[in-house]
**Q** 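Following this message is one structure expressed as structure tokens.
Just so you know, ligand 1 is whichever comes first in the structure, and atom 1 is the first atom listed for that ligand.
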Amino acid sequence: MWKVVRFAASRSRKFSTAIPGPCKVHKRGTDILHDPWFNKDTGFPITERDRLGLRGLLPPRVISFEHQYDRFMDSYRSLEKNTKGQADKFVSLSKWRILNRLHDRNEILYYRVLIDNIKEFAPIIYTPTVGLVCENYSGLFRRPRGMYFSAKDKGEMMSMIYNWPSDEVDMIVLTDGSRILGLGDLGVQGIGIPIGKLDMYVAAAGINPRRILPVMLDVGTNNEKLLKDPLYLGVRQPRLEGEEYLSIVDEFMEAVHNRWPKAIVQFEDFQMKWAFETLKRYRERFCMFNDDIQGTAGVALAGLLGTVRSQGRPLSDFLKQRIVVVGAGSAGLGVLKMAVQAVSRMSGGSGTVANSQFFLIDKNGLVTTERINLDPAAVPFAKNPRDLEGLTEGASIIEVVKKVKPHVLLGLSGVGGVFDKEVLKAMRESASTKPAIFAMSNPTVNAECTAIEAFSHAGENIVFASGSPFDNVDLGNQVGHVNQANNMYLFPGIGLGTLLSGARHITDEMVRAAAECLASYMTDEEVQKGILYPSIDCIRNVTAEVGAAVIGAAVAEKQAEGHGDVGLRELSNMSKEDTVEYVRGNMWYPEYSPLVHEK
Ligand SMILES: NC(=O)C1=CN([C@@H]2O[C@H](COP(=O)(O)OP(=O)(O)OC[C@H]3O[C@@H](n4cnc5c(N)ncnc54)[C@H](O)[C@@H]3O)[C@@H](O)[C@H]2O)C=CC1
Ligand SMILES: CC(=O)C(=O)O
Ligand SMILES: [Mg+2]
């Protein structure tokens with residue numbers, strides 16, 4: 001049903017730079033009907049049909065936006081009814097298709113239904129269905145979205161970037177398809193991830209969809225199945241490596257910077273070695289961040305602090321929590337780095353002391369200094385076997401959990417079911433009154449355990465979070481609350497806050513401010529019920545707060561330069577509340593504008 005326009009009022013607020021009113025269009029007739037940005041389908045008023053040469057190209061009756069919206073939702077509900085009982089994959093892909101068709105046809109209507117029904121539609125345009133879409137991308141492909149730069153475009157990118165039709169781009173999400181969720185190397189098919197993340201940017205942060213750009217850097221794939229698939233749409237060659245690889249990314253970053261010097265580039269789903277390397281290589285040169293390392297770390301830290309509060313303990317007790325992280329990839333190491341920094345800050349002490357409470361496990365078991373070929377990024381978190389009292393290099397998850405009795409067991413391994421019954425049962429012996437289980441891997445099949453498994457084996461008193469959504473669990477006399485610990489709570493605010501601050505770089509402090517803001521979002525009462533993160537229904541509100549925190553940090557760190565009419569001086573003089581309103585007022589909201597033809 002039609003819903004209240006939650007943020008429409010904010011457009012007129014004092015810091016709003018949104019430009020209501022007419023929208024210029026440089027085309028006429030069928031060209032407009034085939035352009036999803038301008039197309040209003042049956043919604044074009046008669047005067048506009050006359051002005052734009054549309055008369056006779058549409059059925060005569062003019063349908064209101066509200067009516068179009070209801071019609072779409074009715075067809076969506078019919079699809080739900082008609083696919084009841086069919087295989088989950090079939091149902092999910094059918095839902096994705098109907099939304100994608102609307103996206104291809106009428107962007108304003110698409111984004112409005114997405115924003116109004118974000119809780120229901122996020123699992124379709126984002127995790128978990130987006131994973132299925134990527135896996136089946138070549139077969140699902142009907143029309144392109146975003147840009148594709150391949151290994152074959154070397155030397156051409158500076159001019160190719162001008163093929164993109166928009167003169168202004170604020171937000172780019174870039175992948176090379178090498179680690180798509182927990183699904184591995186999907187080559188060019190990974191483009192679904194930048195598309196899904198940018199849909200979340202529009203829905204959660206109100207980034208104008210005409211100013212977003214999903215990008216695939218296709219440097220080949222090492223996925224044998226795809227290389228042999230006759231339908232595969234990417235470059236059929238093994239992935240570029242070393243300097244050859246970096247020269248492609250370098251060229252792309254220079255091309256972007258040349259055309260849109262202020263665009264923010266979010267690196268997404270790069271395999272670990274390139275995730276860390278590119279972050280180090282570009283963060284001082286361009287306005288960029290790595291969502292899997294930094295966004296995930298912030299969301300996890302907010303959740304870890306939440307678990308301390310859920311035990312009714314002061315935040316300073318974070319220093320006493322024993323935390324086992326399963327997965328030593330870009331996400332797991334990012335989380336550990338941020339958590340260790342938080343502990344160091346809280347204790348005013350050294351990182352060495354902080355490290356003692358964290359345990360890192362990868363596919364070869366517990367990571368210690370005895371590990372042969374220890375990855376340099378994991379070195380700071382490797383345990384000295386002398387400090388382990390009974391545990392040895394390569395100890396299994398169950399051995400570690402039984403010995404350490406952790407307060408938190410956090411999975412970012414990409415391996416479904418790795419928190420098996422035995423491991424979950426061992427969490428009953430946790431030192432915590434409310435043991436926390438974070439099964440953060442995506443999509444759902446890759447979650448370390450399901451919500452039901454966690455509550456039934458580890459006990460009803462646990463706090464549970466997962467990367468992809470699960471339903472709350474009925475525990476008879478109470479509800480086992482399921483939190484979605486996903487970087488979607490932070491990346492929209494990091495991107496929007498950076499954009500509105502005019503910062504040239506995204507610093508650790510800006511990401512920390514985002515995480516702390518999320519950590520303090522929930523009330524004590526909610527947290528004590530095990531609710532660590534807000535409902536996705538209020539994601540725009542969360543993003544407004546997070547964005548404001550990022551702006552505050554950018555100003556404090558002297559990174560901010562201002563945005564549009566709002567200069568550094570105005571930003572510096574804004575109260576916290578003013579900053580939140582400034583962010584809110586700059587969120588794009590989908591509504592039809594009158595179209596005016598201009599040659
Ligand atoms: N919830 C969220 O917001 C986010 C979730 N993720 C998820 O985290 C997962 C991992 O992502 P990355 O760190 O980038 O991947 P990665 O491939 O860089 O790292 C995976 C790590 O898991 C370890 N591992 C593999 N099998 C294991 C096993 N059986 N037991 C213990 N450890 C094992 C590997 O050794 C490696 O250290 C993915 O499923 C991804 O979707 C990633 C970012 C954000
Ligand atoms: C959520 C996300 O960024 C991932 O699973 O990679
Ligand atoms: Mg990711």
Side-chain angles (χ1 to χ4, degrees), residues 122-123 126-128 130-131 134 173-186 190 192-194 196-197 200 266-277 279 289-303 324-337 359-367 371 373-375 377-378 381-382 394-401 409-420 423 438-449 465-470 483-492 515 518 533:
Y126 191 58
T127 186
V130 72
C134 289
V173 177
L174 173 73
T175 189
D176 68 356
S178 56
R179 192 285 279 147
I180 294 299
L181 307 177
L183 305 169
D185 180 352
L186 293 184
I193 289 294
K197 291 269 174 184
M200 290 302 289
Q266 172 169 324
F267 279 57
E268 193 69 51
D269 290 9
F270 282 69
Q271 59 182 307
M272 169 161 136
K273 64 176 174 185
W274 294 129
F276 283 112
E277 176 72 27
L279 181 60
F289 70 108
N290 183 297
D291 182 39
D292 299 296
I293 300 174
Q294 298 167 287
T296 312
V299 167
L301 179 61
V324 173
V325 174
V326 180
S330 48
L333 292 180
V335 170
L336 273 176
K337 182 171 173 237
F359 296 78
L360 178 62
I361 297 176
D362 71 1
K363 62 176 184 295
N364 297 315
L366 182 66
V367 177
R371 175 70 60 93
N373 295 330
L374 179 59
D375 193 298
F381 315 109
S396 65
I397 304 178
I398 184 68
E399 285 169 335
V400 176
V401 169
L409 177 64
L410 185 151
L412 280 161
S413 65
V415 182
V418 80
F419 295 170
D420 59 19
V423 168
F438 285 67
M440 288 181 71
S441 289
N442 297 313
T444 315
V445 285
N446 295 66
E448 283 75 9
C449 63
S466 53
S468 296
F470 282 103
N483 296 280
Q484 192 175 356
N486 190 293
N487 50 31
M488 70 183 178
Y489 282 112
L490 285 192
F491 70 76
L518 181 62
Y533 302 100

**Q** Taking Gln294 for its side chain and Asn290 for its backbone only, find out whether a donor-acceptor pair lies under 3.5 Å.
**A** yes
**Q** Heavy atoms, side chains only, cut-off 4.5 Å: are Phe381 and Val325 in contact?
**A** no
**Q** For ligand 1, what are the residues with a heavy-atom contact below 4.0 Å?
**A** Arg179, Leu181, Gly182, Met272, Asp292, Thr296, Val326, Gly327, Ala328, Gly329, Ser330, Ala331, Asp362, Lys363, Leu412, Ser413, Gly414, Val415, Val418, Met440, Ser441, Asn442, Gly467, Ala485, Asn486, Asn487
**Q** Checking salt bridge (Lys or Arg N to Asp or Glu O under 4.0 Å) for the pair Arg179/Asp185: CA distance, chi angles, key distance, verdict?
**A** CA-CA 5 Å; Arg179 192 285 279 147; Asp185 180 352; over 6 Å; no
**Q** Once you restrict to heavy atoms under 4.0 Å, what part of Ile193 touches ligand 2? Side chain, backbone, both or neither.
**A** neither
**Q** Are any of the N/O atoms on Asn486, whether in the backbone or the side chain, positioned under 3.5 angstrom from an N/O atom of ligand 2?
**A** no
**Q** Test of understanding: with salt bridge (charged side-chain N to carboxylate O under 4.0 Å, His left out), list the residues that count as partners of Lys273, not counting sequence neighbours.
**A** Glu241
**Q** Which heavy atom of Cys134 sits nearest to which heavy atom of Gly192, and what is that distance?
**A** SG-CA, 3.7 Å
**Q** Should the proximity of Asp292 to ligand 2, defined as any heavy atom under 4.0 Å, be assigned to the side chain, the backbone, both, or neither?
**A** side chain
**Q** Quick check: closest heavy atoms across Thr175 and Phe270, and the distance to 0.1 Å?
**A** CA-CE1, 3.6 Å
**Q** What is the distance from atom CE of Met200 to atom CG of Asn487, rounded to the nearest 0.5 Å?
**A** 9.5 Å
**Q** Any idea which part of Thr127 is under 4.0 Å from ligand 2, heavy-atom wise: side chain, backbone, both or neither?
**A** neither
**Q** Out of all atoms in ligand 2, which are within 4.0 Å of some heavy atom of Lys197? Include the element for each.
**A** 1 (C), 2 (C), 3 (O)
**Q** Considering only distance and modelled atom types, tabulate donor-acceptor pairs under 3.5 Å from the side chains of residues 409-416, sequence neighbours left out.
**A**
| unit_1 | atom_1 | unit_2 | atom_2 | d |
| --- | --- | --- | --- | --- |
| Ser413 | OG | Val415 | N | 3.1 |
| Ser413 | OG | Glu448 | OE2 | 2.8 |

**Q** Nearest 0.5 angstrom please: Asp420 CG to Ile398 CD1, how far?
**A** 7.0 Å
**Q** May I ask you to identify, for Met440, whether its side chain, its backbone, both or neither come under 4.0 Å of ligand 2 on a heavy-atom basis?
**A** neither
**Q** Measure the spacing between CD of Glu268 and CG of Asp176 and express it to the nearest 0.5 Å.
**A** 11.0 Å
**Q** Which label fits Phe491 and Tyr126: parallel for a plane angle under 30°, tilted from 30 to 60°, or perpendicular past 60°?
**A** tilted
**Q** Return the minimal non-hydrogen interatomic distance between Pro443 and Thr127, and the atom names on each side.
**A** CA-OG1, 3.7 Å
**Q** Going from CG on Asp269 to CD1 on Ile180, what distance comes out if it is rounded to the nearest 0.5 angstrom?
**A** 4.5 Å
**Q** Anything protein N, O or S sitting under 2.8 Å from the Mg ion (ligand 3): count it and give me the total.
**A** 3
**Q** Around atom 5 (O) of ligand 2, find the nearest protein heavy atom and jot down its residue, atom name and distance.
**A** Asn442 ND2, 2.8 Å
**Q** Let me confirm one number: the OG1-CE distance from Thr296 to Met440, rounded to the nearest 0.5 Å.
**A** 6.0 Å
**Q** Of the side chain and backbone of Met488, name the one, both, or neither that has a heavy atom under 4.0 Å from an atom of ligand 2.
**A** neither
**Q** Heavy-atom contact under 4.0 Å between Tyr126 and ligand 2?
**A** yes
**Q** Select one of side chain, backbone, both or neither to describe which atoms of Gln266 lie under 4.0 Å from any atom of ligand 2, heavy atoms only.
**A** neither
**Q** Which atoms of ligand 2 sit under 4.0 Å from any heavy atom of Arg179?
**A** 6 (O)
**Q** Check Pro123 against Pro128 and note the closest heavy-atom contact, atom names and distance.
**A** O-CD, 3.4 Å
